[in-house]
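See below for the structure under consideration.
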There are 2 protein chains.
Amino acid sequence: MLSREALSGYDLKGWMERPVGFFWEARHSQIYPELARLEAAGMVSHELVEQEGRPDKKVYEITPVGLEALKGWVVAPLEPRGARDELVLKAYSLWLADPEKALALFREHERLHEERLRRYEETNAWMEREWGDDLDLPGSPHFASYAALRRGILNERGYVEWCGWVVNRLKAGGGLSESG
Amino acid sequence: MLSREALSGYDLKGWMERPVGFFWEARHSQIYPELARLEAAGMVSHELVEQEGRPDKKVYEITPVGLEALKGWVVAPLEPRGARDELVLKAYSLWLADPEKALALFREHERLHEERLRRYEETNAWMEREWGDDLDLPGSPHFASYAALRRGILNERGYVEWCGWVVNRLKAGGGLSESG
DNA sequence: TAACCCATGTAAACGGTTACATGATTTC
DNA sequence: GAAATCATGTAACCGTTTACATGGGTTA
C-alpha cells in the first residue's frame, strides 16, 4: 500500500476495509507496531503532519530500501499454505447435524457470499469504467488491483455455487443414512 | 475425524495429509497436545494398544459428551474470516515486479493448482464409484466428505482460471504503465 | 548403511486477535 | 446527549509453526 502512496496507520486501516480487505486484513493493533518495526528496519519512514480540528498523524512512505525488498518479495517463491476454511470443516461433520439448522447455516452463508460477490462485481465494473486501458498494463498499479479483485470474484462465485449445492442436497436429503 | 472412527494421534496426522488436508491441516505438534486437552475436557478418551514390531499407540475415541459438543459446533453460527491469500497479496504488488519472474511465479502456481485439481477430481470419481447413493444422504459421513471435496474442486478450478488469466495478461503485457 | 515409517511428545518463537487505554471533533 | 470519526498506541492471550528430542523396525 505504501508503494502506491504515503499513508498513515489510520489510512492503512481504512484501506484494509475496502479495497485491500478483499484479500487481506489486519487490525490497527497489528498495523501500528508493524510500521514501527518496518521503520526500525529502514523500510519506511514517517513525517509528522499536524492538523487542525483533528489529531496529528504520522504519514509513512516507503524508502528505496523498502521498495527493493518489496520487489524481491513479490517474485519470491511461495509454497501454498493448506486451506483452512471453517465452513468446509463443518461440512465435513454435516452428517451429524440437525438438518434444519444445517440448512439455515448454509443458506446464511450463501446469502453472505452472494452479497460479497455483488459488491466485488460492482467494484469490477467501476474499475473497468474508470481505469480502462490501464487494466491491460502489467506495470500499472491499476492492473494489479484489478488482478487481485478478479481472484476475489472467482472465489466468491465458487463459494456461492458450493453453498447452493449443499443447500439443495440438504433440502432433497433423505434423512439419516439408514433410516427413512 | 474421531466421530467417524477411533484413531491414534499418528493416524490423525495421516488423515491430515490426504482426505482432510484438502480443507484443513495440522502438524503432529498440534495434534498431541490437543488430544490431551480434549481428554482433560472429557471430549475424548484413549486406550493404550500394544503392538508387536512397532511402538504402542494410544487410540482415541470420542465420548458422548464430545459428540454432543461436536453436533452443537457444526450448526453454530460462524462469521467468515477475511481471506488471507499470499499469492493474491503478491498480485496486488505485481506492477512492481520483474515481468519474467512474475510470469514464472504464476505459471508455477497454475501448474500446482492444476495438479491439485486433477487429484481432487480423481478422488471425486473414486467417491462416486465407491459410495454411489450415499452421496445423496445428508446423514451419511460419505456425503459430508463429498461435500467438503466439492468445495476444494470449485476452489481449485477458480484458482487455475485466475492464474491462467494473470499469465495471459503478463505475456501480452505492455511493459510499464507509461513507457513502451 | 541410509532413508523412511511408526509413534509420541516438548519448548521456543511467531503472527494475530481481543481487550485495554486515551481524547478531541463532528454529526445525528 | 450519544454515537461516530479521526488518530495512536500497549498488553495479554491464543493458535500455530519450527525445531528439539527419542527410538525401534523396515525397506532400498
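Throughout, protein chains are lettered first and strands after them, A, B, ... in sequence-line order, and every chain is numbered starting at 1.
- Side-chain atoms of A:S29 and base atoms of C:dT18 include a donor and an acceptor less than 3.5 Å apart.
- Rounded to whole Å, atom C1' of C:dC6 lies 14 Å from atom CD1 of B:I31.
- Sorted by first and then second residue, the salt bridge (Lys or Arg N to Asp or Glu O under 4.0 Å) pairs involving residues 96-117 of chain A (not counting sequence neighbours) are A:E108-A:R111, A:R111-A:E115, A:R116-A:E156.
- Applying the salt bridge (Lys or Arg N to Asp or Glu O under 4.0 Å) test to pairs two or more places apart or on separate chains, none has a residue in residues 43-63 of chain A.
- We find the CG-CD distance between B:D133 and B:E128 to be 11.5 Å, quoted to the nearest 0.5 Å.
- Summarising the geometry, atom CE belonging to B:M127 is positioned 12.5 Å from atom CD belonging to B:E122; distances are rounded to the nearest 0.5 Å.
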Does the pair B:E39 and B:Y60 meet the rule for a side-chain contact (heavy atoms from CB on, under 4.5 Å), with working shown? CA-CA 9 Å; B:E39 186 156 45; B:Y60 287 84; 3.8 Å; yes

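- For the pair B:K58 NZ and C:dC6 C1', the interatomic distance rounds to 16 Å; values are reported in whole Å.
- The stretch residues 16-27 of chain B touches DNA chain D through B:E25, B:R27, each having a heavy atom within less than 4.0 Å of the strand.
- OP1 or OP2 of C:dG16 sits under 4.0 Å from a side-chain N or O of B:R84.
- Within 4.0 Å (heavy atoms only), A:R37 reaches no atom of the nucleic acid at all.
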Can you pull every protein N or O that's under 3.5 Å from an N or O on nucleotides 24-26 of chain C?
from   : atom 1 : to    : atom 2 : distance (Å)
C:dT25 : O3'    : A:G53 : O      : 3.4

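- We find that NE2 of A:H28 is positioned 12 Å from P of C:dT18, with the value rounded to whole Å.
- Counting only heavy atoms from C-beta outward, the side chains of B:P141 and A:Y92 never approach each other to under 4.5 Å.
- Residue B:L89 contributes atom CG, which lies 11 Å from atom P of C:dG16 at whole-angstrom precision.
- Put simply, CD on A:E5 and CD1 on A:I62 are 13.0 Å apart, with the number rounded to the nearest 0.5 Å.
- In the hydrophobic clustering, B:L48 connects to no other residue, as no ILVMFWY side-chain heavy atoms lie under 4.5 Å from its own.
- Look at CZ on B:R81: it is 11 Å from C1' on C:dT18, rounded to the nearest Å.
- One interatomic measurement links the two molecules: CD of A:Q30 to C1' of C:dC14, which rounds to 11 Å at whole-angstrom precision.
- With B:Y120 as the aromatic partner, B:R151 does not meet the cation-pi criteria of under 6.0 angstrom to the ring centre and within 45 degrees of the ring axis.
- Listed here is the closest heavy atom pair of A:M16 and A:W24: SD-O, 3.8 Å.
- Contacts between chain A and DNA chain D, taken as any atom within less than 4.0 angstrom of a protein heavy atom, begin and end at D:dT5 to D:dT18.
- A centroid separation of less than 6.0 Å is found between the aromatic rings of A:Y146 and B:W165.
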